[in-house]
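Both ligands and their constituent atoms are indexed starting at 1 by order of listing. In what follows, every heavy atom counts, from backbone to side chain, and hydrogens, waters and symmetry copies are set aside.
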Amino acid sequence: MNPSRTDARRHHDPEVRGFASDNYAGAHPEVLAALALANGGHQVAYGEDAYTDNLQRIIRSHFGATAEAYPVFNGTGANVVALQAVTDRWGAVICAESAHINVDECGAPERMGGLKLLTVPTPDGKLTPELIDRQAYGFEDEHRAMPQVVSITQSTELGTVYTPDEVRAICEHAHARGMYVHLDGSRLANAAAFLDVPMRTFTNAVGVDILSLGGTKNGAMFGEAVVVLNPDAVRRMKHLRKMSMQLASKMRFVSVQLEALLARDLWLRNARHANEMAQRLAEGVRAVGGVEILHPVQSNAVFARLPQEVSRRLQRRFRFYFWDEAAGDVRWMCSFDTTEDDVDAFVAALKEEMARQ
Ligand SMILES: Cc1ncc(COP(=O)(O)O)c(C=O)c1O
């Protein structure tokens with residue numbers, strides 16, 4: 001037996017993986033190696049270190065000469081900082097009803113950022129110019145919070161992906177109405193892998209002003225960055241990040257993780273693999289009668305509808321979450337460390353549990 005599995009300080013089985021969340025995965029070994037490399041000696045705190053400096057170069061290579069990265073601890077923090085950066089005190093954010101900023105951040109944009117969210121129901125997690133217009137009105141009406149930014153998520157909370165043209169249309173529409181565009185790119189890498197284009201193709205190249213760039217779901221231990229793509233849209237980012245409690249003192253350890261992902265192709269390898277596992281899973285699930293796949297599988301998520309009882313039995317064998325328990329909807333997420341065997345074992349278990357009905 002692998003001696004490390006019996007180490008008394010280890011409190012879990014490193015061979016057990018499920019389909020609950022890409023956040024359940026650990027850190028990629030190359031990220032861990034990079035953290036060790038950045039250790040030792042003294043470096044200036046609060047972002048004046050050599051790793052954060054180098055990260056700027058890498059970010060510019062991905063997003064163009066005017067891009068500037070502000071590393072932060074987590075995705076909620078990235079969103080709250082980014083959204084505040086492009087709004088006034090009276091500003092509001094138009095987003096999909098299913099957006100993470102609306103349903104999964106404990107009201108942080110509202111309470112910590114003081115931002116009104118104007119939500120729109122969508123069939124697939126994606127906004128369109130027409131859907132934006134359901135909330136893009138009353139700009140001069142002092143009784144209404146002023147729509148100042150459209151926030152989209154790529155890939156979306158439902159695992160779907162905007163094409164570059166769809167993002168362009170949103171940006172043109174928003175800009176024509178005096179609004180900026182924020183993109184929650186917690187899973188930006190998965191979208192790039194699906195579209196098979198560089199990340200800039202569907203961000204700064206088509207008009208996105210500010211980005212929350214994910215690291216954690218892509219193989220980092222922790223750490224994301226706000227990436228300013230349009231410097232004219234923002235003011236005092238450094239002050240805003242500190243005031244929002246997202247300024248890491250030992251920032252080199254956030255920056256070096258993003259460097260490990262982005263300097264070469266680890267970000268893409270990890271995202272491609274996670275996406276491929278989701279495709280394999282979807283294929284397996286499609287062959288099981290009575291299970292419906294709910295959304296196009298375009299990133300690392302598979303949403304499905306099946307009898308609740310089957311899901312409950314399956315949950316005793318593999319971790320995953322209900323998305324809408326009453327409807328019988330579940331979400332199965334793959335990550336950079338999901339294996340083909342994991343997927344095949346899960347599909348086999350699903351088949352067995354469906355047959356037991
Ligand atoms: C779309 C999206 N945005 C942002 C986040 C970041 O959240 P956290 O604050 O947990 O890092 C998540 C995490 O699940 C997410 O799915």
Side-chain angles (χ1 to χ4, degrees), residues 18-27 31 70-84 93 95-113 115 117 119 122 124-127 149-162 167 181-194 199 202-203 208 210-227 241 244-248 253-254 257-258 261 270-271 274-275 278 295 298-303 319-323 330-336:
F19 295 84
S21 168
D22 33 11
N23 285 333
Y24 274 44
V31 171
Y70 295 84
V72 294
F73 291 112
N74 58 34
T76 301
N79 287 337
V80 173
V81 170
L83 291 171
Q84 284 181 90
V93 179
C95 64
E97 202 170 57
S98 54
H100 198 266
I101 56 172
N102 185 44
V103 290
D104 273 320
E105 298 188 353
C106 193
E110 289 99 333
R111 292 184 69 92
M112 310 309 288
L115 292 158
L117 298 184
T119 64
T122 69
D124 55 2
K126 287 160 70 170
L127 287 177
V149 54
V150 173
S151 179
I152 59 175
T153 308
Q154 174 82 316
S155 53
T156 72
E157 292 77 2
L158 300 180
T160 51
V161 168
Y162 290 91
V167 180
V181 175
H182 163 254
L183 192 150
D184 178 347
S186 168
R187 298 188 182 88
L188 199 74
N190 300 89
F194 174 73
M199 290 185 282
F202 54 92
T203 53
V208 173
I210 193 162
L211 170 69
S212 301
L213 176 63
T216 315
K217 295 170 185 15
N218 191 221
M221 183 184 288
F222 64 91
E224 327 267 307
V226 176
V227 180
R241 176 177 56 179
S244 308
M245 298 160 281
Q246 287 289 325
L247 179 64
F253 295 110
V254 182
Q257 293 182 69
L258 296 172
L261 292 170
N270 284 352
N275 288 5
H295 302 293
Q298 297 178 329
S299 56
N300 59 329
V302 178
F303 287 81
R319 293 291 295 260
F320 65 87
Y321 290 110
F322 276 102
W323 192 253
V330 296
R331 184 189 75 165
W332 296 322
M333 296 296 296
C334 297
S335 56
F336 72 86

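In this view, Ser244 and Gln84 satisfy the side-chain hydrogen bond (donor to acceptor under 3.5 Å, both in side chains) rule, not counting sequence neighbours. Checked against side-chain hydrogen bond (donor to acceptor under 3.5 Å, both in side chains), Glu224 has the following partners two or more places apart in sequence or in another chain: Thr216.
Side-chain polar atoms of Asn190 and Asn275 form a donor-acceptor pair below 3.5 angstrom.
Gln257 contributes no side-chain N or O that, together with a main-chain N or O of Val31, makes up a donor-acceptor pair within less than 3.5 Å.
Val330 is not listed as a side-chain neighbour of Phe19, based on a closest heavy-atom distance of 4.5 Å or more.
For residues 181-193, the set of pairs meeting the salt bridge (Lys or Arg N to Asp or Glu O under 4.0 Å) definition, not counting sequence neighbours, comprises Asp22-Arg187.
The 4.0 Å heavy-atom shell around ligand 1 contains residues Asn23, Asn74, Gly75, Thr76, Asn79, His100, Glu105, Thr153, Glu157, Asp184, Ser186, Arg187, Lys217, ordered by chain and number.
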